[in-house]
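Lettering of chains follows the sequences in order, A, B, ..., and the numbering in each one begins at 1.
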Amino acid sequence: MLDKTYQPASIEGPIYRLWEKAKAFAAGRANRKDARPYAIVIPPPNVTGSLHMGHALNNTLQDALVRFERMRGRDVLWQPGMDHAGIATQMVVERQLLERQEPDRRALGREAFVDRVWKWKEESGGLIINQLKRLGASCDWERERFTMDEGLSRAVRKVFVDLYRAGLIYKDKRLVNWDPKLLTAISDLEVEQVEVKGHLWHLRYPLEGRDFDPEDASTYIVVATTRPETMLGDTAVAVHPDDERYKALVGRNVILPLVGRRIPIVADDYSDPEKGSGAVKITPAHDFNDFDVGKRHALPQIGILNAEAKLLLDGNSDFIQGVEPSAQLARTIQELNGLDRFAARKAIVAQLEEQGLVEKIEPYVHTVPHGDRSGIVIEPFLTDQWYVNARELAKPAIEAVKRGRTVFVPKSWENTYFHWMQNIQPWCISRQLWWGHQIPAWYGPDGQIFVAEEEAEASAQAKAHYGEPTDLTRDADVLDTWFSSALWPFSTLGWPDETAELKRYYPTAVLVTGFDIIFFWVARMMMMGLHVMDEVPFRDVYIHALVRDEKGQKMSKSKGNVIDPLELIEAYGADALRFTLAAMAAQGRDIKLSPLRVEGYRNFATKLWNAARFAEMNGCVPVQGFDPSTASETVNRWIAGESERALAKVTEALEAFRFNEAAGAIYAFIWHVFCDWYLELTKPILTAGDKEAAAETRAMTAFVLDRALTLLHPFMPFVTEELWAKLAAEGEGRESLLILAEWPRHLGLENADADAEIGWVIRLVSEVRSVRSEMNVPAGARVPLVISGASEDTVARAKRHEDTILRLARIETMSFGKAPSGAVQIVLDEATLALPLAGVIDVAAESKRLKREIDKIRAEIEQLGAKLANEKFVSRAPEHVVEEQRERKAEVEAIAARLAQALKRLEATL
RNA sequence: GGGCGCGUAGCUCAGCGGGAGAGCACUGCGUUGACAUCGCAGGGGUCACUGGUUCAAUCCCAGUCGCGCCCACCA
């Protein structure tokens with residue numbers, strides 16, 4: 001016997017273990033060798049991660065798809081795993097060392113530190129896997145992978161070497177986004193533009209050959225900058241070639257303040273006459289635009305900051321090239337050397353002000369690049385880094401989507417994808433970290449590069465190159481974490497080995513992910529998949545919304561606005577959370593999650609639970625060999641048809657990734673069709689009907705309930721599995737585990753006659769209830785019902801369902817004949833229902849009610865009349881629409897007539 | 001500067017060229033041996049605004065206003 005209330009916490013754990021024990025999640029099950037494969041690779045969560053709402057949504061949707069397809073008989077592989085998350089993980093362990101006052105990373109040394117991270121991973125990493133299990137994720141856990149597994153690392157090395165040999169990976173010295181806190185390069189994508197209130201400094205650079213006079217503007221040129229601290233590395237001043245103000249100065253020199261170095265004034269289109277003073281200082285080593293300008297004019301690149309973004313002046317001969325040493329200069333160097341960039345800004349401005357070189361300072365709002373991990377201002381920094389020629393790899397990836405080999409859902413994301421891919425920049429893949437895949441490149445004493453999968457191979461190359469064995473040094477850098485993630489769809493399947501899994505499950509069916517990582521991950525998987533496998537990694541990409549906090553802000557750890565899904569699971573059950581997320585996952589709209597909604601869907605689970613309890617109490621068990629198409633009771637034929645419609649809706653919606661529609665359809669079917677009507681309509685049959693009808697109804701109830709459990713299972717796997725087990729003894733003609741049961745087949749059970757008849761009963765009951773309520777008839781009172789003007793068919797219908805009508809509408813007796821006077825009257829199709837309530841009802845109020853209804857319906861008649869009188873409508877609208885309106889008008893007119901009659905009868909009693 | 005999305009009931013959101021919907025909240029009534037985590041009934045909307053297309057617009061188009069996001073090197 002089922003408990004009275006559904007307790008998610010007590011069943012979810014045992015049910016999950018049951019599935020695991022049955023190996024229900026395993027791909028390649030023996031009985032599915034001939035089935036079509038269906039694979040999804042999980043977006044690997046960070047090893048440092050814990051389950052947040054985004055994961056909950058992402059994995060709920062994947063699990064719904066996977067369970068749906070598994071039930072449809074596909075050989076399903078949901079490939080799980082985790083990402084080593086280079087920077088994030090290294091930061092976690094470094095923080096831990098600091099907290100425990102242990103030797104820091106540098107003191108430990110690389111090898112010991114990396115060991116330490118592995119140890120951390122074994123002890124504390126991967127919490128999220130258990131959290132995914134609590135959510136009900138049916139991943140094939142035995143196939144779990146980690147991006148730094150030996151196999152996946154081998155894939156990384158091989159791809160690196162292949163791309164290097166193909167010229168698609170190269171080393172280059174150029175400006176990168178440098179994080180002065182983490183001391184590593186990062187890619188463009190890891191930079192966030194943040195709007196900052198700053199200042200625009202207008203500085204006077206004295207012209208060469210003129211005695212600087214603050215009062216005489218012809219002795220200097222004004223440059224405007226937001227970064228005065230980089231001025232020590234200036235190597236030119238640029239003006240626009242068409243700028244009349246400065247034409248005469250082009251080709252002349254200025255004397256760089258504080259330093260005394262001579263730098264040219266050059267003409268370059270980059271300079272915008274509208275911005276600042278129209279003249280801009282050029283610092284090629286510390287600004288991306290200036291770098292390009294510098295290249296065009298063959299300017300030197302003078303770096304004046306070190307990796308930590310502190311002024312590096314002492315011993316830096318570049319920035320004083322060609323300058324006469326002086327005591328003044330020495331003092332300046334001494335004062336400024338080693339200052340952090342922001343301290344340096346103040347100090348330099350102060351010195352310039354002293355010398356009358358600051359024309360003005362304006363408040364200025366501009367965007368400044370920040371590191372997404374460190375949160376500090378990124379510094380353009382001139383270093384050697386490894387790059388991927390993304391432009392080349394993007395070409396086939398763009399083409400594949402254009403040709404529909406991979407399809408985005410919703411389709412509009414393809415524009416975003418194209419736009420980024422068409423403007424893609426070289427991808428900086430080297431990171432100055434220790435945790436990650438160390439770059440498989442070795443250097444000879446002269447800097448010669450040897451790239452190979454293994455050190456031995458590099459040594460062999462070196463021997464061939466130098467003619468003798470030579471000591472090599474390995475590149476210290478590791479690869480961007482996303483480099484290994486990009487290989488995930490095939491590296492997890494065993495590539496570069498030609499495994500059976502790779503052959504069977506690649507390309508995967510669909511990738512489910514959030515739009516925030518289209519560039520980071522989706523695009524790069526497309527590029528790598530096409531280059532390495534010569535085939536797209538997935539057929540569909542379903543892009544879901546972000547789960548945001550109540551303010552609509554993106555949830556993130558750093559903002560501290562994360563809602564913990566595990567708390568919701570504890571309070572309401574995983575099923576309720578899953579259903580909420582699915583029901584709210586409408587395409588193209590973000591989810592603002594409300595716990596109230598989760599509670600509502602927990603109630604839904606309880607509702608289902610109690611329906612099952614009712615079935616159990618009435619002995620509604622699945623009957624082996626029951627054929628629903630042979631049902632003879634109208635109500636049973638009706639519910640069979642309703643279940644077919646629900647099946648079709650859920651199936652079609654899931655096929656089209658319309659999770660909210662699928663969830664809505666099964667919700668409405670279970671609650672508002674099955675529970676609200678079917679179970680109520682059949683109670684008289686179960687208690688008082690003849691034996692055959694009762695038996696048929698029990699069998700149908702069990703059949704429909706089984707179907708409902710099946711359709712709901714992708715969204716609410718736990719409660720459905722539990723009920724599935726409870727509703728029938730094991731092995732009774734159906735799969736013992738719902739997770740492995742077959743998705744219902746459409747059997748053509750729809751029946752228009754049954755729909756019409758039950759529809760009529762439902763309308764009758766609803767109308768009577770409505771009027772009773774409106775007339776304040778006491779809920780417990782049973783009243784007589786007189787049906788007048790009814791056709792033979794209607795009379796027969798009414799008689800067939802008399803028990804039900806009496807029960808559901810609280811009717812004392814049902815009779816046929818003339819409507820009595822002093823009765824409340826309801827027009828239902830051709831018949832009029834009268835509830836003789838003389839003495840109970842307020843005749844005046846009833847008259848008012850009828851008049852209101854007549855008014856409403858007359859307004860509609862008028863509207864329809866006008867429409868049908870409109871020649872243009874009749875001639876241009878499709879015929880079926882016109883016909884529909886005509887029919888409706890006739891219907892409504894008939895009702896109006898009967899209402900008028902009813903009113904007349906009522907008033908006769910006055 | 002470019003691109004995208006969103007303004008529908010008090011709240012959170014579906015829908016969408018031909019009769020305005022759901023959940024929650026609210027109001028009234030609680031009666032039936034599944035369920036008060038419930039039942040029945042009900043109130044509540046110029047579908048942001050303005051114009052256009054159409055026989056017909058909440059839906060399509062254009063513009064306006066408001067909100068949000070993404071991309072971009074702008075001193």
Short heteroatom pairs, N/O only, protein and nucleotides 4-12 of chain B, under 3.5 Å:
| residue | atom | partner | partner atom | Å |
| --- | --- | --- | --- | --- |
| B/rC6 | O3' | A/Arg589 | NH1 | 3.2 |
| B/rG7 | OP1 | A/Arg589 | NH1 | 3.2 |

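- Closest to the A/Phe519 side chain, of the nucleotides B/rC73, B/rC70, B/rA75, is B/rC70.
- Nucleotides B/rA9 and B/rG2 are separated by 37 Å at their C1' atoms, to the nearest Å.
- In this view, A/Asp287 satisfies the side-chain hydrogen bond (donor to acceptor under 3.5 Å, both in side chains) rule with no residue, not counting sequence neighbours.
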N/O contacts under 3.5 Å, protein versus nucleotides 44-47 of chain B?
none

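- Here A/Arg658 pairs with A/Glu661 under the salt bridge (Lys or Arg N to Asp or Glu O under 4.0 Å) rule; sequence neighbours left out.
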Determine whether A/Leu203 and A/Leu357 satisfy the following criterion, side chain to side chain contact (heavy atoms under 4.5 Å, CB included), listing intermediate values before the conclusion.
CA-CA 6 Å; A/Leu203 310 178; A/Leu357 292 167; 5.9 Å; no
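- Side-chain nitrogen and oxygen atoms of A/Tyr667 include none within less than 4.0 Å of the OP1 or OP2 phosphate oxygen of B/rA22.
- For A/Arg204, the salt bridge (Lys or Arg N to Asp or Glu O under 4.0 Å) partners at least two apart in sequence or on another chain are A/Glu359.
- Heavy atoms of A/His202 sit nowhere under 4.0 angstrom from any nucleic acid atom.
- B/rA14 and B/rG42 have their C1' atoms separated by 23 Å, given to the nearest Å.
- With respect to A/Arg852 and A/Glu774, a salt bridge is recorded, a charged nitrogen being found less than 4.0 Å from a carboxylate O.
- Every side-chain hydrogen bond (donor to acceptor under 3.5 Å, both in side chains) that A/Thr697 has, sequence neighbours left out, goes to A/Asn636.
- Within the nucleic acid shown, A/Gly276 comes within 4.0 Å of at least one base atom, counting heavy atoms only.
- When the salt bridge (Lys or Arg N to Asp or Glu O under 4.0 Å) test is applied to A/Arg245, the partners found at least two apart in sequence or on another chain are A/Asp243.
- In this structure, A/Tyr364 reaches the sugar-phosphate backbone alone: every heavy-atom distance under 4.0 Å involves primed, P, OP1 or OP2 atoms, never a base.
- Set against B/rG28, B/rG18, B/rA75, the side chain of A/Ser773 has B/rG28 as its closest nucleotide.
- Taking A/Glu680 as the reference, A/Lys683 meet the side-chain hydrogen bond (donor to acceptor under 3.5 Å, both in side chains) condition, with sequence neighbours excluded.
- Taking every side-chain heavy atom of A/Pro878 into account, B/rG18 is the closest of B/rG15, B/rC73, B/rG18.
- Between A/Gln193 and A/Phe873, the residue whose closest nucleotide on RNA chain B is further toward the 5' end is A/Phe873.
- Not counting sequence neighbours, the partners of A/Asp676 by the side-chain hydrogen bond (donor to acceptor under 3.5 Å, both in side chains) test are A/His672.
- At the heavy-atom level, A/Ser271 lies under 4.0 Å from base atoms of the strands shown.
- Between A/Ser766 and B/rC40, a side-chain N or O to OP1/OP2 separation shorter than 4.0 Å is absent.
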Under 4.0 Å protein heavy-atom contacts per nucleotide of nucleotides 29-37 of chain B, with B for base, S for backbone only and - for none:
S-BB-BBSB
Tell me, with the steps shown, if A/Trp413 and A/Phe408 meet ring-ring contact (aromatic ring centres under 6.0 Å, His included).
CA-CA 6 Å; A/Trp413 286 110; A/Phe408 280 70; 8.4 Å; no
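- Residue-level contact check: A/Gly198 touches neither bases nor backbone, having no heavy atom under 4.0 Å from any strand.
- Ring geometry for A/Trp420 against A/Phe519 counts as parallel: the plane angle stays under 30°, on a 0 to 90° scale with 60° as the upper cut.
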Secondary-structure string, 5' to 3', Watson-Crick or G-U under 3.5 Å, | for another-strand partners, for RNA chain B
(((((((..((((....[..)))).(((((.......))))).....(((((..]....))))))))))))....
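- Side-chain atoms of A/Ser770 and A/Glu767 include no donor-acceptor pair closer than 3.5 Å.
- A/Tyr667 and A/Tyr601 have perpendicular rings, their planes meeting at more than 60° on a 0 to 90° scale where under 30° would count as parallel.
- With respect to A/Lys856 and A/Glu853, no salt bridge is recorded, no charged nitrogen being found less than 4.0 Å from a carboxylate O.
- Heavy atoms of A/Asn870 sit under 4.0 angstrom from primed sugar atoms or phosphate atoms, though from no base atom.
- At B/rA75, none of the side-chain N or O atoms of A/His240 fall inside 4.0 Å of OP1 or OP2 (strictly under the cut-off).
- With sequence neighbours left out, the salt bridge (Lys or Arg N to Asp or Glu O under 4.0 Å) criterion links A/Lys411 to A/Glu414.
- Within the structure, every side-chain polar atom (N or O) of A/His419 is placed at least 4.0 Å from both OP1 and OP2 of B/rG2.
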